[in-house]
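This report concerns only the one structure given below.
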There are 2 protein chains.
Amino acid sequence: MEAKVEKYQNNGNCPVRQVLDRLGDKWSMLVLLILSEQGTLRFKAIQRSIGDISQKMLTVTLRTLEADGLVSRRQYAEIPPRVEYELTDLGQSLLPHINRLAAWAVQHMEEITQHRAAYPGR
Amino acid sequence: MEAKVEKYQNNGNCPVRQVLDRLGDKWSMLVLLILSEQGTLRFKAIQRSIGDISQKMLTVTLRTLEADGLVSRRQYAEIPPRVEYELTDLGQSLLPHINRLAAWAVQHMEEITQHRAAYPGR
DNA sequence: CAGTATCCTACGCGATACTG
DNA sequence: CAGTATCGCGTAGGATACTG
């Protein structure tokens, strides 16, 4: 008794679209993956781990993840400042899924690359 | 004995980043989800199912998915034209992961919404 | 170190019109 | 119906400089 056909319509009230819109930015999933693998990390450590993310975008990404409740931020009153990030419980509950996606990527990238190369036009 | 810390660096040879870059656009995951649930579909049917995707973007998205080998395209010599899309085996192998992500989204959206609302500033 | 504050640009995407 | 072809805009996100 469910309407199954149109359930992805209308951005406002579709959870799938809301979540995908968030994780679909350039850095969110990557930051989550890194926190998942390496546990608690400082700002600089995350940045180094990604390598080519700007300071601005790492800040923005972390703020958004924090606002969504996926990542927690803890700052210490020291000089120089130290700020550490880690996954919340909610974040931890999401991560197995992202990890499997990443594992799939590693496993099938070769195949995708070959498809692309064989695709007519380009 | 692996270098584990920096493995997400450098866009060129990191499968995780390559795949995430692809699925991270506005429509790819959604189209995959729909094809996964509803099987073989015509262009118009996909468009109706999403509702607010433009013709151009659906075309572009489907072309990319086809080039990557995730979706197959079959066109019939009829008038008016009929073109049908479905997941390839490679696409099918990816979809369980995306489906679990979507399920997680449905299950936890409420919680995320509350976090956002409670977040200071905005 | 861990941020903010500006400025600026590429390009993702939508709107519209046309074709086989 | 299932596309292509243009045009044009908004904004994600990079570069740079400054602060506590």
Side-chain angles (χ1 to χ4, degrees), chain A residues 8-12 17-18 20-31 34-35 40-68 71-86 119-122, chain B residues 8-12 17-18 20-31 34-35 40-68 71-86 119-122:
Chain A
Y8 296 118
Q9 284 191 19
N10 192 345
N11 220 325
R17 296 203 34 185
Q18 298 226 30
L20 290 185
D21 278 358
R22 289 287 181 153
L23 298 139
D25 66 4
K26 195 168 181 181
W27 303 110
S28 291
M29 290 218 207
L30 217 44
V31 168
I34 287 169
L35 287 176
T40 303
L41 284 180
R42 302 179 64 155
F43 187 93
K44 264 291 171 193
I46 303 174
Q47 194 175 26
R48 246 179 287 110
S49 204
I50 297 183
D52 58 342
I53 187 174
S54 68
Q55 199 169 26
K56 172 187 168 183
M57 284 319 296
L58 182 52
T59 301
V60 170
T61 302
L62 285 169
R63 287 291 174 280
T64 305
L65 293 174
E66 195 196 354
D68 286 0
V71 161
S72 70
R73 176 181 188 275
R74 179 165 209 174
Q75 90 177 294
Y76 299 85
E78 302 174 357
I79 297 210
R82 178 164 54 109
V83 180
E84 290 180 344
Y85 295 90
E86 65 180 331
Y119 196 74
R122 169 147 321 239
Chain B
Y8 295 118
Q9 283 192 17
N10 192 345
N11 221 324
R17 298 206 30 187
Q18 297 226 28
L20 290 185
D21 278 358
R22 289 286 183 155
L23 287 90
D25 66 3
K26 194 167 181 183
W27 304 111
S28 291
M29 291 218 207
L30 217 45
V31 168
I34 288 169
L35 287 176
T40 303
L41 284 180
R42 302 179 63 154
F43 187 93
K44 265 291 171 193
I46 302 174
Q47 194 174 26
R48 247 180 287 111
S49 204
I50 298 183
D52 57 342
I53 187 173
S54 68
Q55 198 170 26
K56 172 187 167 182
M57 284 318 296
L58 182 52
T59 302
V60 169
T61 303
L62 286 169
R63 286 292 173 281
T64 304
L65 293 175
E66 196 196 353
D68 286 0
V71 160
S72 69
R73 176 182 188 276
R74 179 164 208 178
Q75 91 176 294
Y76 299 86
E78 301 173 359
I79 298 211
R82 178 163 54 110
V83 179
E84 291 180 344
Y85 294 91
E86 64 180 333
Y119 195 74
R122 171 147 320 240

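Note on naming: letters A, B, ... go to the chains in the order of the sequence lines (proteins, then strands), and numbering restarts at 1 for each one.
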Between [atom2] on [N] and [atom1] on [X], what's the gap in Å once rounded to a whole number?
X	N	atom1	atom2	result
A/Arg22	D/dA12	CZ	C1'	14 Å
B/Glu84	D/dC1	CD	P	14 Å
B/Asp21	C/dC11	CG	P	13 Å
B/Asp52	C/dG14	CG	P	8 Å
B/Ile79	D/dA2	CD1	P	13 Å
B/Gln47	D/dA2	CD	P	9 Å
A/Leu30	D/dA12	CG	P	19 Å
A/Met57	C/dT4	CE	P	13 Å

**OP:** For A/Val83 and for B/Ser54, locate the closest nucleotide of DNA chain C by heavy-atom distance; then report the residue assigned to the nucleotide nearer the 5' terminus.
**Re:**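 Residue closer to the 5' terminus by nearest nucleotide: A/Val83.
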
Name the atoms and distances for all side-chain donor-acceptor pairs under 3.5 Å in residues 76-83 of chain A, with sequence neighbours left out.
from: A/Tyr76; atom 1: OH; to: A/Glu84; atom 2: OE1; distance (Å): 3.1
from: A/Glu78; atom 1: OE1; to: A/Arg82; atom 2: NE; distance (Å): 3.3
from: A/Glu78; atom 1: OE2; to: A/Arg82; atom 2: NH2; distance (Å): 2.7
from: A/Arg82; atom 1: NH1; to: A/Glu84; atom 2: OE2; distance (Å): 3.0

Please report the shortest heavy-atom distance between [X] and [Y], naming the atom on each side.
X	Y	answer
A/Gln47	A/Gln55	NE2-N, 3.5 Å
B/Leu30	A/Arg17	CD2-CD, 3.4 Å
A/Ser28	A/Leu23	CB-CA, 4.2 Å
B/Val71	B/Leu35	CG2-CD1, 3.7 Å

**OP:** Name the closest nucleotide to the B/Pro81 side chain, picking from C/dG3, C/dC1, D/dC1.
**Re:**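 Out of C/dG3, C/dC1, D/dC1, the nucleotide with an atom closest to B/Pro81's side chain is D/dC1.
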
Original post:
Between D/dG14, C/dC1, C/dG3, which nucleotide gets closest to the side-chain atoms of A/Lys26?
Top reply: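 Ranking D/dG14, C/dC1, C/dG3 by closest atom to the A/Lys26 side chain puts D/dG14 first.
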
**OP:** Would you confirm whether B/Gln9, through its side chain, and A/Arg48, through its main-chain N or O, come within 3.5 Å as a donor-acceptor pair?
**Re:**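 Checking the backbone N and O of A/Arg48 against the side chain of B/Gln9, a donor-acceptor pair under 3.5 Å is found.
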
Between [N] and [X], is there an OP1 or OP2 to side-chain N/O distance shorter than 4.0 Å?
X	N	value
B/Arg63	D/dG3	yes
B/Tyr85	D/dC1	no
A/Lys56	D/dT16	no
A/Arg82	C/dG3	no
A/Arg73	C/dG3	yes

Original post:
In dot-bracket, 5' to 3', how would DNA chain D read with Watson-Crick or G-U wobble pairs under 3.5 Å, [ ] for crossing ones and | for pairs to another strand?
Top reply: ||||||||||||||||||||

Original post:
Does the side chain of B/Thr59 come within less than 4.5 Å of B/Phe43's, by heavy atoms?
Top reply: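 They are in contact (side-chain heavy atoms under 4.5 Å apart), so the answer is yes.
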
**OP:** Under 4.0 Å between any heavy atoms, over every strand shown, what does A/Gln55 touch: base, sugar-phosphate, or nothing? Just pick one.
**Re:**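 Base, at least one base atom sits under 4.0 Å.
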
